[in-house]
Amino acid sequence: MTAYQPAPGVLDACETHDAYDAVVLAGGSARRLDGADKPGVRVGGRALLDRVLTACAGAAATVVVADPRPTARPVRWVREDPPGGGPVAALDAGLRATTAPVVLVLSADLPFLDPATVTRLTSALSASGAEGVLLRDAEGRDQPLVAAYRAEALRRALDQLAAEHGGTTERAQQAGPGGRGAQRGLAGLSLRRLTGELRLTRAEAPLASFDCDTWDDIAAARARIREHEHVLDEWITAVKDELGIELDVDTGVLLDLARDAAHNVARPAAPLTTFLAGYAAGRAGGGPEEVAEAARKAAALALRWAEEETGKGTAPGGPAGDRDGTGPDAG
């Protein structure tokens, strides 16, 4: 797993992008996982589906095609007709619940998808003349369920497939009685048939496109996040997701504070001090700047505490501004 690294290329396109909706397909049978509830399988303490929902939290609307379940973030639930009709029918059902000009289409088993990759996908689509931008995996295979598409082009391609297979077009279905998905004739069709109707560009991002089809894949994903260079970021993301915190802070500042408190005061002071710094930051407004300022003040206090013990601080009763021994009477 350590060989997987994000790759440059089209993902480095302009960062500005249109508003997008997300459609997450989470209703598969998971045959290669012995029928397990794949979206609910946990990697790094979080369900696979919740990890994907965190990555696309910037969507204007998120639609999950599956039976409803508890999730860390609010979503809209829809189901393909008939249930279990396959990914094309599921995508058709999900797309009907979206309104944005761009739709992000994802499977629910992407443990390493992150917001940065989502942003770069939608930005690359906006900057190109293509109708979709999809990722390729480590073996160079297209991954149509890790992709951003122009919604109108996707609807047109679905209509074309429906017409070819004896179903109704979206326009005719909306005009007729019921408007049931089964009328579309899309059940059982391959996603390759759908993407073959679109003008696509590809991007190489093996890590973000890594999906969990087997228990070996699950084991590999679990092992990777526990590697030394990944575990802290994974843990912080998991905690923020669990607590519903949407705050990006400089974790290095907090780690430095914990180190200073443990080294200059006492080891148990580290977690207590970082907690108090967070509490103070919350009372002051709760933004990254407030966290940094609270950490700065607490770290300075820990250093002053240590200076007193080593005799480097001010003499008893000296003015507060003389902590470095350079006051008016120094020397």
Side-chain angles (χ1 to χ4, degrees), residues 1-8 11 33 36-58 71-73 106-120 135 137-138 146 204-263 266-279 281-282 286 288 291-292 294-295 298-299 302:
M1 294 294 294
T2 54
Y4 293 142
Q5 296 294 334
L11 291 185
L33 286 175
D37 175 26
K38 181 160 68 167
V41 172
R42 297 188 180 277
V43 173
R46 293 187 292 157
L48 283 170
L49 176 57
D50 281 335
R51 296 179 72 94
V52 172
L53 294 179
T54 296
C56 63
T71 54
R73 296 174 183 274
L106 305 169
S107 61
D109 60 349
L110 303 166
F112 303 123
L113 185 70
D114 59 10
T117 301
V118 167
T119 297
R120 291 170 184 163
L135 296 190
D137 65 16
V146 200
E204 307 289 340
L207 180 59
S209 62
F210 179 84
D211 57 0
C212 292
D213 290 328
T214 68
W215 287 115
D216 285 344
D217 294 336
I218 296 290
R222 288 171 171 170
R224 183 188 187 280
I225 67 171
R226 285 171 171 77
E227 293 173 357
H228 177 71
E229 63 268 32
H230 306 298
V231 66
L232 185 58
D233 286 341
E234 286 283 349
W235 171 248
I236 294 299
T237 299
V239 171
K240 290 194 296 184
D241 205 45
E242 189 74 13
L243 300 180
I245 298 172
E246 301 282 355
L247 180 66
D248 290 324
V249 298
D250 185 349
T251 55
V253 169
L254 295 178
L255 289 174
D256 289 345
L257 169 60
R259 177 203 62 205
D260 291 342
H263 179 72
R267 187 173 296 274
L272 294 173
T273 305
T274 51
F275 164 77
L276 292 172
Y279 180 76
V291 173

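This is a predicted model, so every value here is computed, not measured.
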Residues forming a side-chain contact (heavy atoms from CB on, under 4.5 Å) with D50, sequence neighbours excluded | A47, L53, T71, A72, D241
T119 side chain to P115 main-chain N or O, any donor-acceptor pair under 3.5 Å?
-> yes
Would E227 and E234 count as a side-chain contact (heavy atoms from CB on, under 4.5 Å) if you check the C-alpha gap in whole Å, the side-chain angles of each, and the deciding distance to 0.1 Å?
-> CA-CA 10 Å; E227 293 173 357; E234 286 283 349; over 6 Å; no
Any side-chain heavy-atom pair of V253 and V291 under 4.5 Å = no
Could I get the full list of salt bridge (charged side-chain N to carboxylate O under 4.0 Å, His left out) partners for D137, not counting sequence neighbours?
-> R141
Partners passing side-chain hydrogen bond (donor to acceptor under 3.5 Å, both in side chains) against D211 (at least two apart in sequence or in another chain) = none
Could you check if a side-chain atom of F112 sits within less than 4.5 angstrom of a side-chain atom of I225, using non-hydrogen atoms only?
-> yes
Tell me, please, which residues at least two apart from T273 pass side-chain hydrogen bond (donor to acceptor under 3.5 Å, both in side chains).
-> none
Heavy-atom closest pair (S209 atom, P206 atom, distance to 0.1 Å) is OG-O, 3.3 Å
What residues, two or more places apart in sequence or in another chain, satisfy side-chain hydrogen bond (donor to acceptor under 3.5 Å, both in side chains) together with D250?
-> none
Return yes if some donor-acceptor pair links the side-chain N/O of D233 with the main-chain N/O of H230 below 3.5 Å, else return no.
-> no
When you measure from the side chain of R51 to the backbone N and O of V43, does any donor-acceptor pair fall under 3.5 Å?
-> yes
V146 versus T117: any side-chain heavy-atom pair under 4.5 Å?
-> no
For R226, what residues pass the side-chain contact (heavy atoms from CB on, under 4.5 Å) criterion, not counting sequence neighbours?
-> R222
For W235, enumerate each residue passing the side-chain hydrogen bond (donor to acceptor under 3.5 Å, both in side chains) test, keeping only those at least two apart in sequence or located in another chain.
-> none
Decide side chain to side chain donor-acceptor pair (under 3.5 Å) for D109 and S107; before the verdict, give the C-alpha distance in whole Å, the side-chain angles of both, and the deciding distance to 0.1 Å.
-> CA-CA 6 Å; D109 60 349; S107 61; 2.7 Å; yes
Are side-chain heavy atoms of K240 and T54 found at a separation under 4.5 Å?
-> no
Which heavy-atom pair separates A270 from A258 by the least distance, and what is that distance?
-> CB-O, 3.4 Å
side-chain contact (heavy atoms from CB on, under 4.5 Å) between L110 and L48: does it pass, once the steps are laid out?
-> CA-CA 7 Å; L110 303 166; L48 283 170; over 6 Å; no
At their closest point, which heavy atom of C212 faces which heavy atom of D217, and how far apart are they?
-> CA-CB, 3.7 Å
L33: partners by side-chain contact (heavy atoms from CB on, under 4.5 Å), with sequence neighbours left out = A30, A36, K38, W215, I218
Partners passing side-chain contact (heavy atoms from CB on, under 4.5 Å) against L255 (at least two apart in sequence or in another chain) | L232
